[in-house]
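Data block below; observations after.
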2 protein chains.
Amino acid sequence: MKRKVTLKQIAKELDVSISTVSKSLKDSAEISEDTRQKVQAFAKLYNYKPNNIALSLKNKKTKTIGIIIPEIVHHFFATVISGVENVANEHGYNVIVCLSDVSFDKEVINMEMLANGSIDGFIMSLSKETQLKKDFHHITEVINQGMPVVMFDRVTNDIHCDKVIIDDNLAAFQAVQTLIDKGMKKIALITTVDYVSVGKLRTDGYLKALKTNDIKVDDQIILKIEDIDNCEGLIENLIQHHKIDAVFAVNELFAVTAIKSALKMGLKIPEDISVVGFTDGIISKYSSPSITTVSQNGIKMGGKAAKMLIDRLESEDEDDEHYRTEIIETHLVERESTPTL
Amino acid sequence: MKRKVTLKQIAKELDVSISTVSKSLKDSAEISEDTRQKVQAFAKLYNYKPNNIALSLKNKKTKTIGIIIPEIVHHFFATVISGVENVANEHGYNVIVCLSDVSFDKEVINMEMLANGSIDGFIMSLSKETQLKKDFHHITEVINQGMPVVMFDRVTNDIHCDKVIIDDNLAAFQAVQTLIDKGMKKIALITTVDYVSVGKLRTDGYLKALKTNDIKVDDQIILKIEDIDNCEGLIENLIQHHKIDAVFAVNELFAVTAIKSALKMGLKIPEDISVVGFTDGIISKYSSPSITTVSQNGIKMGGKAAKMLIDRLESEDEDDEHYRTEIIETHLVERESTPTL
DNA sequence: TTTCAACACGAAAACGTTTTCGGGAGCTGT
DNA sequence: ACAGCTCCCGAAAACGTTTTCGTGTTGAAA
């Protein structure tokens, strides 16, 4: 087992100084052709590669991005990571992933762990619990220490930083408008509790669409679900006891569960009932019938977030206080769960 | 913006030496009660946290695990990461994620990038291209440098290291046997090309089950798919032109595509045709009908891999050459795509 | 021969820690 | 008064780099 070779070892072996070795490897003009060649040959032979940690310490840059998300077993977040990783790699950055598991405490611990030199900047989406508590001290603290943060999707106005989002409100509005255009009147909404930022915005979009079209809002067919793991009964109940034309769900899981419920009670989709979801994930695509849904390009979102972060990391003026909020465009992917025309 | 404070700054401010500060913070008995309190109070006030990079350099340990997988937008791999992250966190480790994007070159680049001091050890699953080329020099090199590697799922016998796998062969055998027990005779197989290790093993399990039950193998109903993105036509073709009782698919996507094809041509599931998949992911669970499938506990797999890696990292004798291969148990999750009894 | 530039290289500091070792101050016991 | 001891603390090395600055040697010009 041959351990990694260091500059010092090469220097010793070749009987020159460490500086000479370092400069030779960097093709410095200070070093004679002879020595340079000798050193380079030796370095190649022993497969010398500079130690990243030492470089990080010296340069005060780790070339690493930290990303904190609520969970990774979630198609959308996985695509975001994919996007981040891609752009990061192109720019020579690595990606450290931390999961908050929807817990405020873990989010805080993870941030503190990474903030102590391990990374150059954060990309993050707030955990549900953090959104509920509205406690963002861990984030502001990191920002105050001069570490850039880019938030995506589940963001908050309470924090002043770069953000990447979609226009949840508008996307929901358009989705519901499409249903109305297809002649639906009784459109149910399956959404999350209000403190989840995106859920609230999508709910508002739904309400706005109804109002714009003079459709009375019926609270009976608006379902706010707290615990996503136990949504089946509630959704079945909704569909069973109300005569509805369509369902607008704020995520894939609610949408597919609505479909299962409808099929179970013998309804035909989209003839008897239409379903529109949110997030163009793997479920919507492979469901039978496939689900009409609002696309939410996670790859693009992650890529954009990474780009913004790296731009800031490599920009000249360190503390440019001009933060931007990028909006990723969405569109409705029409599939089998809604009638054509 | 107050930058992170260092030992040196505290020392200067309090007019003591760096050593004194360091020792005070570690509650060393060498330091007087007075000084200790003074230092600790000051450190707390300025929220001192030791710099991880400096620690890494000193200790020659980064407390970071690198994980290299083909893709992250893939339910199984996401669950594995989740499992790794969980166990890693419990032991104070961070996780750097790199995606090979099914490319040999990216796998090599990523490994070399991380191997230069950024991490303490690897957890990885081979990319398809690497399995095809059978070129593992990048991995052996890393191992030779004394960096432990744990492989999972897509492994190879050509590398001598710790591994975590499932018994693909047995699991496939049992799945097919179950179909046979339910009276099926004409069981089609939808699998990958042979150089994908797990695909090959599952195919072998299928063949073994048929042989054990004296069912003649019919090459006509064995479909080997190279490009997963264009499998629809092939699968439709298979189901349309052969009268088959059941389909055994080596992954979720093949399974759900088979279901869509069958439904499309008016077949009833499971009455007319049964489907069994592999990997208990989100698709199988939410498909209509839901899919009977071989569970493959990614969380447990990732957790086990992380445990093995950390054990090795923290074990006394550095180069214990006794490598283990852990087998994660699987079982068939029976759902709506197969008849009960 | 002296002077000075060009050339080739080395010493040392710096990044932020931890830890070993040495030593000064103050006290006790003779 | 002095050895010897304990108690506190600081200097310095080490981890592996990069980079600035200093310096010795050589050759050419005067």
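Worth saying up front: this structure is predicted, and the values here are computed from it rather than measured. Within every chain, numbering begins at 1; the chains are lettered A, B, ... in the order of the sequence lines, protein sequences first and strands thereafter.
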Quick one: do [X] and [Y] make a salt bridge, cutoff under 4.0 Å?
X: B:Asp158; Y: B:Lys134; value: no
X: B:Lys38; Y: B:Asp34; value: no
X: B:Glu85; Y: A:Lys106; value: yes
X: B:Asp162; Y: B:Arg312; value: yes

For B:Gln9 and for A:Val16, find the nucleotide of DNA chain C with the closest heavy atom, then tell me which residue's nucleotide is more 5'.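 Between the two, 5'-proximity favours A:Val16.
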
May I ask you to verify if any side-chain N or O of B:Lys60 is less than 4.0 angstrom from the OP1 or OP2 atom of D:dA14? no

Does B:Lys8 have a side-chain nitrogen or oxygen under 4.0 Å from the phosphate oxygens OP1 or OP2 of C:dT17?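 For B:Lys8, the contact criterion (side-chain N or O under 4.0 Å from OP1 or OP2 of C:dT17) is not met.
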
To the nearest angstrom, how far is [X] atom [atom1] from [N] atom [atom2]?
X: A:Ile10; N: C:dC9; atom1: CD1; atom2: P; answer: 16 Å
X: B:Lys12; N: C:dG16; atom1: NZ; atom2: P; answer: 12 Å
X: B:Lys38; N: D:dC8; atom1: NZ; atom2: C1'; answer: 12 Å
X: A:Gln37; N: C:dA8; atom1: CD; atom2: P; answer: 13 Å
X: B:Leu14; N: D:dC9; atom1: CG; atom2: C1'; answer: 14 Å
X: B:Asp15; N: D:dC9; atom1: CG; atom2: P; answer: 12 Å
X: A:Leu7; N: C:dA11; atom1: CG; atom2: P; answer: 15 Å
X: A:Lys58; N: D:dT17; atom1: NZ; atom2: C1'; answer: 7 Å

What's the angle between the local helix axes at either end of the helix from C:dT1-D:dA30 to C:dT30-D:dA1, using five pairs per end and rounding to 10 degrees? 90°

Does either side chain, that of [X] or that of [Y], offer a donor lying less than 3.5 Å from an acceptor on the other one?
X: A:Ser100; Y: A:Ser103; value: no
X: B:Ser127; Y: B:Thr130; value: yes
X: B:Asp153; Y: B:Ser125; value: no
X: B:Glu33; Y: B:Gln37; value: yes

Mind listing the residues from residues 17-36 of chain B sitting with a heavy atom below 4.0 Å of DNA chain C? Number order is fine. B:Ile18, B:Ser19, B:Ser22, B:Lys23, B:Lys26, B:Glu30

Just call it for A:Leu55: base, sugar-phosphate, or nothing, with non-hydrogen atoms closer than 4.0 Å on any strand. sugar-phosphate

Please round to the nearest 0.5 Å and tell me the distance separating atom OG1 of A:Thr64 and atom CG of A:Asn94.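 Going from the OG1 atom of A:Thr64 to the CG atom of A:Asn94 covers 5.0 Å.
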
